[in-house]
Amino acid sequence: MAKTRLTNSDTHQPPSEQDRRREALFGVLAMVPAGKVTSYGQLAEFAGLGRAARWVGRTLSQLPQGSTLPWHRVIAASGRLSLPAGSPSGDEQRMRLREEGIQIQHDRVDIRQHGWRPTEHSG
DNA sequence: TCAAAGGCGCCAA
DNA sequence: CTTGGCGCCTTTG
């Protein structure tokens, strides 16, 4: 496995707390398989970040364009897509999810069917 | 230290 | 279904 990423690349300082949280978040997000979706709160909790759902949302909004992370698989806990249709990100999100076989009706995804269950298979 | 703001979450009306 | 309101955690000024 390649090193996930180097946030402070050109320095050799130890990772800051912010870096550590980002790494935790990215690590968990990378586990979400295609065809499944998760929520901001679920990511935060599973990454050991407590109830930092909002922070997750903001962090994801700041992802670089070239990121390979499946940010599009992150939706609201209610099953609704937080990113509005018509916006670049929202449109991209809907396109990617549909390509993964996820049905989106009325801006929402069936969590029962497509919700990611981390502990169910991998471990 | 305080205040404001985020791709949120949950509950009540 | 929609609003309001409050809580949550973190960053920024």
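In the text below, chain A, chain B and the rest are named by the order of the sequence lines, each starting its count at 1.
- Between chain A and DNA chain C, the heavy-atom contact criterion of under 4.0 Å yields a 5' to 3' nucleotide range of dC1(C) to dT11(C).
- Nucleotides dG7(B) and dG13(C) are separated by 15 Å at their P atoms, to the nearest Å.
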Subject >> Structure string for DNA chain C in dot-bracket form, Watson-Crick and G-U at under 3.5 Å, | interchain >> reply: .||||||.|||||

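- Going from atom CD of Gln62(A) over to atom P of dA5(B) covers 17 Å, rounded to whole Å.
- Between the C1' atom of dG6(B) and the CG atom of Leu83(A) lies a distance of 13 Å, rounded to the nearest Å.
- There is a path of hydrophobic side-chain contacts, each under 4.5 Å, that joins Met31(A) to Leu49(A).
- When the side chains of ILVMFWY residues are joined at heavy-atom separations under 4.5 Å, either directly or via intervening members, Val37(A) and Leu29(A) end up in two distinct hydrophobic clusters.
- The line from OH of Tyr40(A) to OG of Ser82(A) is 4.0 Å long, rounded to the nearest 0.5 Å.
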**OP:** Could you check Phe46(A) against Trp116(A) for ring-ring contact (aromatic ring centres under 6.0 Å, His included), going step by step and ending with a plain yes or no?
**Re:** CA-CA 11 Å; Phe46(A) 198 69; Trp116(A) 178 48; 5.7 Å; yes

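- When heavy atoms are screened at a 4.0 angstrom cut-off, Val56(A) is found touching no nucleic acid atom at all.
- Taking a 4.0 Å limit (strictly below) on heavy-atom distances, residues 93-113 of chain A does not reach DNA chain B anywhere.
- In this structure, Leu25(A) places its CG atom 13 Å from C1' of dG7(B), rounding to the nearest Å.
- Contact annotation: Ser82(A) does not reach the phosphate of dG7(B) (side-chain N/O to OP1 or OP2, under 4.0 Å).
- Distances shorter than 4.0 Å separate some side-chain N or O of Ser39(A) from OP1 or OP2 on dG9(B).
- With values rounded to the nearest 0.5 angstrom, Asp91(A) atom CG is found 11.0 Å from Arg96(A) atom CZ.
- Counting only N and O atoms by type, the side chains of Arg22(A) and Gln18(A) include a donor and acceptor under 3.5 Å apart.
- Put simply, Leu83(A) and Val32(A) are part of the same group of oily side chains (I, L, V, M, F, W, Y) that touch within less than 4.5 Å, one to the next.
- What separates CZ of Arg54(A) from C1' of dC8(B) is a distance of 6 Å, to the nearest Å.
- Contacts classified as side chain to side chain donor-acceptor pair (under 3.5 Å) and involving residues 97-107 of chain A (residues at least two apart or in different chains) are given here: His72(A)-Glu100(A), Arg73(A)-Glu100(A), Arg94(A)-Asp107(A).
- Not a single side chain to side chain donor-acceptor pair (under 3.5 Å) links Asp110(A) to another residue, sequence neighbours left out.
- Here the separation of dT12(C) from dT1(B), taken at their C1' atoms, is 14 Å to the nearest Å.
- Using a 4.0 Å cutoff on non-hydrogen atoms, no part of residues 45-52 of chain A comes near DNA chain B.
- Here the CG atom belonging to Leu69(A) is positioned 8.0 Å from the CG atom belonging to Leu25(A), to the nearest 0.5 angstrom.
- Side-chain N/O atoms of Tyr40(A) and base N/O atoms of dG7(B) include a donor-acceptor pair closer than 3.5 Å.
- Going from atom CH2 of Trp71(A) over to atom P of dC8(B) covers 14 Å, rounded to whole Å.
- Here, dA5(B) and dC8(C) have their C1' atoms 14 Å apart, quoted to the whole Å.
- Note on Leu43(A): it clusters hydrophobically with Phe26(A), by side-chain heavy-atom contacts below 4.5 Å among ILVMFWY residues.
- Rounding to the nearest 0.5 Å gives a distance of 7.5 Å between CD1 of Ile102(A) and CD1 of Ile75(A).
- Between the Thr59(A) side chain and the Trp55(A) main chain, a donor and an acceptor come within less than 3.5 Å of each other.
- Ion pair Arg20(A)/Glu17(A) flagged as a salt bridge, since at least one NZ, NE, NH1 or NH2 atom sits closer than 4.0 Å to an Asp/Glu carboxylate oxygen.
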